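Remarks on the structure that follows.
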Amino acid sequence: MKKLLLSVLFYLPLVIWAQSFYGFNLDSTGVTYGKIYPEKGTFTRLSKPICDKISLVTYNPINSTFLLKGKRSSTELNSNLITIKASSGQELSSINLNETRSEFLAFEFNAVDTSLYALNKDEFGVKLGKINLTDGRFVPVSNTICYQSFCTAINPVKGYFIFKGQVLPNSTNFKLYAVDIHTGNVINSVDVLGGDEGIKQIEFNPCDSLIYGLSKSVEGVKLGEINIQTGLFTPKSSLICTDSYWSTIDPIKGEFVFLGHQKDSTFNSLFLINLKTGLVKSSIQLNSQNAKLSNIKSIFQKCAIAKPPTTPPFVLSPNNDGVNDIFYPSEFVDVPNAILKVYNRWGSILYEQKKGEKGWDGKSKGELCPEGSYFWTITYKDSNGKDVSKTGYLTLVR
């Protein structure tokens, strides 16, 4: 009989203090920086005009500054990497970014190793690398990954950069990529919807180490969890609006904030969503003075200790020794109408529970699946008739 060692991983604590939301607004004077109040839908300007246009923003919690990619004027060829003070909007430095033969599509500051990671697109495609904060030079850590990139996030604990990418020019093939920030190796890439549908925003929550996002369908936008190993999007909310744009997370309060558009509305609205329940806490339409609000960010310096998953990892060893021969999470045994599904790393369904079955025996189409990690979901209706979905991983050994 095999002896199985089960372990629950506890992530190292990151730090969090008081939460605030900030962003940038474009008006007749240019782009200004200020504080955002999502429950009021207001923007309080803190800075003088910084530049004529900005496209990327990230927060550095080490010294409480924002790093942004902006152009001083519409006629300027190159962008600048501008650093401003979070508390006041005061400009601290500005570095010229040489983008004559390439373009920065995204960047994320990693508080663990204090580096600025970026996706840079040249004539060959998109590469992951670091931006030197002294001279603005891009140092690639990967080979070409794909043709184009979109929404991004960084997991500083596990050390990977997450983004949605278009594989080839004019291709309908889109993937969700997870790339090791140190080696540049693609950890995982799974097919996802492309174009104007599918994943629109991605945010990493440092307090529970989960990836959240907004996904758009022909019906509208929903909030949910994103599994980077399978590409599965598990909705946590009902339809919220028709389209979505800039987003951020308040990890302490467990809130997702984003700019969204309602059909037939003149201006965008600021949405505040509870991450756990998916319920809309507030939805405030912007006015003409802050109609061009963008790049909203939640700033934080410390994060509470991330709790381990409520459902521990499972081990399945189908060797007929009476121990772990069948996989079924015990906490759902008494949940009526619960349906278990098991997926491989490519997102293909290997098992879907039928009535009367007690769980998965590690086989698919009569053949024992290979050793490795598998992803599972359980769906059921709660006492109020609401659809509930729980997810987790299991390890198959022989």
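Count residues from 1 along the sequence. All values reported here derive from a predicted model rather than from experimental measurement.
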- According to the interplanar angle, ranging from 0 to 90°, do the rings of Y343 and F375 count as parallel (below 30°), tilted (30 to 60°) or perpendicular (above 60°)? tilted
- Task: Using salt bridge (charged side-chain N to carboxylate O under 4.0 Å, His left out) as the criterion, list what pairs up with K200, not counting sequence neighbours.
- Result: D196, D243
- For E352 and I339, work out which heavy atoms get closest and say how close. CG-CG2, 4.3 Å
- Task: May I have all residue pairs that pass salt bridge (charged side-chain N to carboxylate O under 4.0 Å, His left out) and include part of residues 258-268, sequence neighbours excluded?
- Result: none
- For K281, check salt bridge (charged side-chain N to carboxylate O under 4.0 Å, His left out) against everything at least two apart and list the hits. E255
- Item | Inter- and intrachain pairs under side chain to side chain donor-acceptor pair (under 3.5 Å), touching residues 22-34, at least two apart | D27-T29
- Query: Is it the case that N155 and Y160 place a side-chain donor and acceptor less than 3.5 Å from each other?
  - Reply: yes
- Message: We want to know whether E99 and S79 form a side-chain donor-acceptor pair, criterion being a heavy-atom distance below 3.5 angstrom.
- Response: yes
- Set of residues satisfying side chain to side chain donor-acceptor pair (under 3.5 Å) with respect to Q90, sequence neighbours excluded: none
- Query: How would you list, by chain and number, every residue that makes a side chain to side chain donor-acceptor pair (under 3.5 Å) with S55, sequence neighbours excluded?
  - Reply: none
- Note on the structure: residues 212-265 vs ring-ring contact (aromatic ring centres under 6.0 Å, His included), sequence neighbours excluded, gives F258-F271
- Residue list, salt bridge (charged side-chain N to carboxylate O under 4.0 Å, His left out) with E219, at least two apart or on another chain: none
- Item | Contacts of K130 that satisfy salt bridge (charged side-chain N to carboxylate O under 4.0 Å, His left out) - sequence neighbours left out | none
Going by atom type alone, with no hydrogens or angles, which donor-acceptor pairs under 3.5 Å involve a side-chain atom of residues 135-147 and a protein atom two or more places apart or on another chain?
| residue | atom | partner | partner atom | Å |
| --- | --- | --- | --- | --- |
| D135 | OD1 | R137 | N | 2.9 |
| S142 | OG | L128 | N | 2.9 |
| T144 | OG1 | K127 | NZ | 3.4 |

- Note on the structure: Contacts of K71 meeting side chain to side chain donor-acceptor pair (under 3.5 Å) (sequence neighbours excluded), chain-then-number -> none
- Task: Can you sort out the partners of N287 under side chain to side chain donor-acceptor pair (under 3.5 Å), two or more places apart, ordered by chain and number?
- Result: none
- What closest approach, in Å, do D52 and R72 show between heavy atoms, and which atom pair accounts for it? CB-O, 3.4 Å
